[in-house]
Amino acid sequence: MVSAPRQLQLLRRHLLPCCHYCHFSTVPCDLSPSQTDDKSLVTQVVQLLQVPENEWNTDQLRPLLFSATTMPCHLLTITLHLGSSSKALNFLEYVRANAPSEQSHCLSPIFHGVIELFSEETISEYKLLEIYERVKQWGIPLTSRSATLLIQCLGAAKMVGELLLLFNNLDPSVKSTRVVNTLISTLFRLGHIDSAVQVLDEMCKPNTMFPPNNVTGDIVLGELLKRDSPVRSIAEKEIGHLVRKLSRHGVFPDTINLTNLINKLCRKQKTKLAWDLLHDVMQSGGAVEATSCNALLTGLGKDRDVKRMNDLLAKMKEMEIKPNVITFGILINHLCKSRRIDDALKVLEEMRGKGGSSGMNVEPDVVIFNTLIDGLCKVWRHDESLSLLEQMKNECRPNTVTYNCLIDGFCKASNLDKAHELFDQMNKEGVIPNVVTLNTLINGMCKHGRIGSAVEFFNEMQRKGIKGNSVTYTSLISAFCNVNNIDKAMQYFDLMLSSGCSPDVIVFYSLISGLSLAGRMDDASFVVSKLKESGFGLDVCCYNVLISGFCKKKKLERVYEMLQEMEEAGVKPDIFTYNTLISFLGKNGDFKTACEMLRKMRKEGLVPTVITYGAVIHAYCLHGNVDEAMKIFREMSSTLKVPPNTVIYNILIDSLCKIKDVECALSLMDDMKVKGIKPNTATYNAILKGIQDKKMLYKAFELMDRMVEDACKPDYVTVDILTEWLSAVGEMKKLEKFFQGYTVSSCTEE
DNA sequence: ATAGGGTTAG
């Protein structure tokens, strides 16, 4: 049975025997003999070769094979008719043994046939070596085609050493662009990047005999655009060099390839190289379209490199590259993200061609309008975003994104009514809401304490066929955690899993954080196991909330388990981790380990913060060593250069009052005033308790006035202290005035 | 071009 492709090959050989050969050969080939002559010669020889090789009739074959009219192409056709490389190789050997010396060039076409046949067979490395050795031994000059085929065969057999040897020993006349392209492509495919680049270098030399062509360009670009191999891929820095080399020979990447290359470089944060690449192509005369410039503009936008963005736009103008709607879209988006909304609106005018001829005459599309509407919403210019919506309706139809941006804008502005109105409006206009619309509204309602409405809306939308995704569940779960409705949060987590929604890390992290904060460590551990089952890992923040949770539950072994796990996972503890640990150890009175942690965090290059010192101060206070706490407090301002804040003062004032050192506590209050650190309700509660013990009633009135001045609202603790104290001393009138926000110390009792 | 998350001291 002959396979279909094989049949095609045979057919091709019968139809185009001569051209097929001549096309690839450097051996001269006279096309003058008529087809009938060709046919009869070939047919006769083929006939004679049908018998077993040891019965070949030399007397009959010799005049036919070695006559003056026998062309190289005839010999090739004859060889191909033998059907297998083994038979062809025998024929080669036969001709070599029988050819008159002046006819030795006739071996080239026969070898051509041998390798052609071989390349169609299953590659046998052993046989290939045998053939190759024979060629070298007999010094048969290779045709370009046989060189190409040989390269391909050696490549298929992964014989890189032989490949390079072959190329280096190749007769210069045979080294054509086509042959070299095959070699480069083969070397790339085999991962021998350095050798391929070396050959390419040779190809691109100024006086090269085999200059690169578009095929070379495609091979090199294909390699440059391939995703990076773990073994060896072309370094980003080399990309520019290679493209430059090719461009010297007029070989340029086409628009798509150039754009892809720029995208690739920008994705890897190599914007500078992308910039150089684009400018090199422009400078050496390659065609550059707006698409490629757009790719670079996007990269520059991500780098916030406004200067280069403007330079590129100027360059486009200079090179007469017409910006398209995408170019303007990138520009407008960048300006919006930089909150330069008025500049963005100016670009809209510019593209429309305000004032006639100076304009670009590029029609803004729905994306342009959406970007601007979103930009206006994000700077709280909601009215203008609504008027832009009306304006855009003259030019294009608003879509789902348009309304999503507006709905989000009004949700963020706490105008849920307007958000719902826009939702109704989009439905009326036949713009179909999607899951983003759903999530925007649900999150808006959750953030404004309307979880019930959010759930109701979610159910209604589900009935209409819009399913929630992990974003929906994150909003609801976080909202339930925030109101400490942990059971509902867990219920929605289960609902999410059973609804077939695939959770992402964010929904896991939100729930783990909520559960840890609520002290539900068993639930948190369960969610952690689910997270791991989904193939995710914990990050520092997630470990921190868990460690904090276990600390609060005094589950020391779980804390160390977490730390161990962090180390194994290569997640470095950060300042939060250390602060949490130091606070926990301090509270437990384990000052030794706490100091060790302090040392360790400094060794890791982490600088203790006001929170760290607060934890240490708190620990000393808790364990009755207020003197040591005060010592650290004083060091904070002097040597440590971490000024204490309200919380630190509160801890100390509270502790000093508890050890009856109200004088010192009061002096800290004065210190706060001097340093401009605002006391809060907790500060006043602490000091009021202290002076209550000391019965310093007039000091209380003074402090109550200061509390009014500082706009510190009394809380239930304040109310408890003052009610108990002032009612006992008959000063309830002053308390009433105080609650109404009046000063009390100067007013006299009626 | 649009939507969601989290930690430490009192």
Side-chain angles (χ1 to χ4, degrees), chain A residues 326 329-330 332-333 336-337 365-375 377-378 398-409 411-412 433-444 446-447 468-479 481-482 503-517 538-549 551-552 573-584 586-587 601 608-622 629 644-655 680-683 685-686:
Chain A
I326 309 283
I330 296 164
I332 288 174
N333 186 30
C336 286
K337 292 276 144 41
D365 62 5
V366 66
V367 176
I368 299 276
F369 284 111
N370 290 350
T371 312
L372 286 166
I373 285 174
D374 189 52
C377 285
K378 295 240 151 72
N399 63 14
T400 310
V401 177
T402 321
Y403 280 100
N404 290 349
C405 294
L406 285 162
I407 289 171
D408 188 52
C411 281
K412 296 263 152 69
N434 62 12
V435 68
V436 178
T437 325
L438 171 80
N439 292 340
T440 307
L441 275 164
I442 285 185
N443 190 49
C446 285
K447 286 281 147 66
N469 60 15
S470 62
V471 179
T472 329
Y473 289 99
T474 303
S475 293
L476 291 168
I477 286 172
S478 301
C481 285
N482 284 336
D504 59 12
V505 272
I506 295 179
V507 70
F508 280 118
Y509 289 173
S510 306
L511 185 54
I512 291 168
S513 166
L515 293 169
S516 298
L517 248 47
L538 303 177
D539 67 356
V540 200
C541 194
C542 207
Y543 277 117
N544 289 344
V545 294
L546 285 162
I547 288 173
S548 172
C551 282
K552 280 181 192 132
D574 65 3
I575 190 76
F576 286 92
T577 325
Y578 283 109
N579 286 345
T580 307
L581 290 170
I582 289 166
S583 160
F584 173 68
K587 263 183 230 162
M601 74 181 274
T609 63
V610 66
I611 310 248
T612 323
Y613 294 120
V616 177
I617 287 172
H618 187 220
Y620 279 121
C621 287
L622 275 178
N645 62 11
T646 308
V647 177
I648 305 265
Y649 278 98
N650 289 356
I651 297 166
L652 288 168
I653 289 167
D654 188 54
S655 303
N680 59 22
T681 309
T683 325
N685 289 346

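The shown structure was predicted, so the numbers you read here are calculated from the model rather than taken from an experiment. First the proteins, then the strands, lettered A, B, ... as listed; each starts at 1.
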*Asks:* Using only heavy-atom distances, decide whether a donor-acceptor pair under 3.5 angstrom links the side-chain of A:Thr474 to the base of B:dG4.
*Replies:*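 Flag set: donor-acceptor pair detected.
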*Asks:* Which part of the nucleic acid, if any, lies within contact of A:Leu517, taking any heavy atom under 4.0 Å across all strands shown: a base, the sugar-phosphate backbone alone, or nothing?
*Replies:*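 Result for A:Leu517 = sugar-phosphate.
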*Asks:* Let's see if you can work this out: which of B:dT2, B:dT7, B:dA3 has an atom nearest to the side-chain heavy atoms of A:Val435?
*Replies:*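 Closest nucleotide to the A:Val435 side chain: B:dA3.
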*Asks:* Any side-chain N or O of A:Lys587 below 4.0 angstrom from OP1/OP2 of B:dT8?
*Replies:*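 It does not, given that no N or O in the side chain of A:Lys587 lies less than 4.0 Å from OP1 or OP2 of B:dT8.
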*Asks:* Using the side chain to side chain donor-acceptor pair (under 3.5 Å) rule, take A:Asn469 and A:Asp504 through it: C-alpha gap first, then chi angles, then the decisive distance, then the call.
*Replies:* CA-CA 10 Å; A:Asn469 60 15; A:Asp504 59 12; over 6 Å; no
*Asks:* Atom CG of A:Leu538 to atom P of B:dG6: distance rounded to whole Å?
*Replies:*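 Taking atom P of B:dG6 as the reference, CG of A:Leu538 is at 17 Å.
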*Asks:* Could a donor-acceptor pair under 3.5 angstrom be found where the side chain of A:Asn645 meets the base of B:dA9?
*Replies:*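 Under the 3.5 Å cut-off, the side chain and the base do form a donor-acceptor pair.
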*Asks:* Can a donor-acceptor pair under 3.5 Å be found between the side-chain atoms of A:Asp504 and the base atoms of B:dG4?
*Replies:*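 Per atom types, the contact qualifies.
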*Asks:* Side chains of A:Thr440 and A:Asp408: is there a donor and an acceptor less than 3.5 Å apart?
*Replies:*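 Side-chain D/A pair, A:Thr440 to A:Asp408: absent.
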*Asks:* Of all the nucleotides listed (B:dA1, B:dG6, B:dG5), which has the minimum atom distance to the side chain of A:Val367?
*Replies:*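 Nearest to the side-chain atoms of A:Val367, counting from C-beta on, is B:dA1.
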*Asks:* From B:dA9, B:dA3, B:dT7, pick the nucleotide closest to the side chain of A:Thr440?
*Replies:*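 For the A:Thr440 side chain, the nearest candidate turns out to be B:dA3.
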*Asks:* Considering only B:dG10, B:dG5, B:dA1, which nucleotide approaches the side chain of A:Lys447 most closely?
*Replies:*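 Looking only at side-chain atoms, A:Lys447 lies closest to B:dG5.
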*Asks:* Under 3.5 Å, is there a donor-acceptor pair linking the side chains of A:Asp374 and A:Asn404?
*Replies:*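 Not at all, the side chains of A:Asp374 and A:Asn404 share no donor-acceptor pair under 3.5 Å.
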*Asks:* Could you tell me whether the side chains of A:Asn370 and A:Thr402 share a donor-acceptor contact shorter than 3.5 Å?
*Replies:*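 A:Asn370 vs A:Thr402: donor-acceptor pair found between side chains.
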*Asks:* Determine the contact category for A:Cys621: base if any of its heavy atoms lies under 4.0 Å from a base atom, sugar-phosphate if only primed atoms, P, OP1 or OP2 are that close, otherwise nothing.
*Replies:*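 A:Cys621: no heavy atom of the nucleic acid under 4.0 Å.
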*Asks:* From the list B:dG10, B:dT2, B:dA1, which nucleotide is the closest neighbour of the side chain of A:Asn680?
*Replies:*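 Among B:dG10, B:dT2, B:dA1, the one nearest the side chain of A:Asn680 is B:dG10.
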*Asks:* Could you tell me whether A:Ile651 contacts a base, only the sugar-phosphate backbone, or nothing, with contacts defined as non-hydrogen atoms closer than 4.0 Å?
*Replies:*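 Sugar-phosphate only.
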*Asks:* Among B:dA1, B:dG5, B:dT7, which nucleotide has an atom closest to any side-chain atom of A:Val401?
*Replies:*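 The closest nucleotide is B:dA1.
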*Asks:* Among B:dA3, B:dA9, B:dT7, which nucleotide has an atom closest to any side-chain atom of A:Phe576?
*Replies:*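 Closest of the options to the side chain of A:Phe576: B:dT7.
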*Asks:* Can you find a donor-acceptor pair, distance only, under 3.5 Å between A:Ser470 side chain and B:dG4 base?
*Replies:*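 Checked by distance alone, the answer is yes.
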*Asks:* Rounded off to whole Å, could you give me the NZ-to-P distance for the A:Lys378 and B:dA1 pair?
*Replies:*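 To the nearest whole Å, that distance equals 12 Å.
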*Asks:* Do A:Asn579 and A:Thr612 meet the criterion of a side-chain donor-acceptor pair at a distance under 3.5 Å?
*Replies:*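 On atom types as modelled, these side chains qualify, holding a pair under 3.5 Å.
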*Asks:* So, does the side chain of A:Asn544 form a donor-acceptor pair with the base of B:dG6 at under 3.5 Å?
*Replies:*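 There is none.
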*Asks:* Go through it in stages, so that I can follow the logic: the residues are A:Thr646 and A:Asn680, the test is side chain to side chain donor-acceptor pair (under 3.5 Å), and I'd like the CA-CA distance, side-chain angles, deciding distance and then a yes or no.
*Replies:* CA-CA 7 Å; A:Thr646 308; A:Asn680 59 22; 5.3 Å; no
*Asks:* Could you state the atom-to-atom distance from CG of A:Asn579 to C1' of B:dT8 in whole Å?
*Replies:*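 Nearest whole value for this atom pair: 5 Å.
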*Asks:* Is A:Cys405 touching bases, backbone alone, or none of the nucleic acid, heavy atoms closer than 4.0 Å?
*Replies:*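 Contact class for A:Cys405: sugar-phosphate only.
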*Asks:* Is any side-chain N or O of A:Lys552 closer than 4.0 Å to OP1 or OP2 of B:dA9?
*Replies:*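 So the side-chain polar atoms of A:Lys552 never come under 4.0 Å of the phosphate oxygens OP1 or OP2 of B:dA9.
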*Asks:* Quick check for you: among B:dA1, B:dA3, B:dG10, whose closest atom lies nearest to any side-chain atom of A:Lys412?
*Replies:*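 The answer is B:dA3.
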*Asks:* Take the protein atom CG of A:Asp539 and the nucleotide atom P of B:dG5, then report the distance between them rounded to whole Å.
*Replies:*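 In whole Å, B:dG5 P and A:Asp539 CG are 15 Å from each other.
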*Asks:* Mind calculating the distance between CG (A:Asn399) and C1' (B:dA1) to the nearest angstrom?
*Replies:*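 Atom-to-atom, A:Asn399 to B:dA1, this comes out as 8 Å.
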*Asks:* Between A:Thr577 and A:Asn544, do the side chains contain a donor N or O and an acceptor N or O under 3.5 Å apart?
*Replies:*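 The criterion, which ignores hydrogens and geometry beyond distance, is satisfied for A:Thr577 and A:Asn544.
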*Asks:* For the pair made of CG in A:Asn443 and C1' in B:dG4, what is the distance, rounded to whole Å?
*Replies:*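 A:Asn443 atom CG is separated from B:dG4 atom C1' by 6 Å.
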*Asks:* Which one, B:dT7, B:dA1, B:dG4, comes nearest to the side chain of A:Asn333?
*Replies:*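 Closest nucleotide among those given: B:dA1.
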*Asks:* Could you state the atom-to-atom distance from CG of A:Asn439 to P of B:dT2 in whole Å?
*Replies:*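 Going from CG in A:Asn439 over to P in B:dT2 covers 15 Å.
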*Asks:* How long is the line joining CD1 of A:Ile442 and P of B:dG5, in whole Å?
*Replies:*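 Checked: the CD1 to P distance equals 13 Å.
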*Asks:* Can you figure out which of B:dA1, B:dG4, B:dG10 approaches the side chain of A:Val647 most closely?
*Replies:*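 Closest nucleotide to the A:Val647 side chain: B:dG10.
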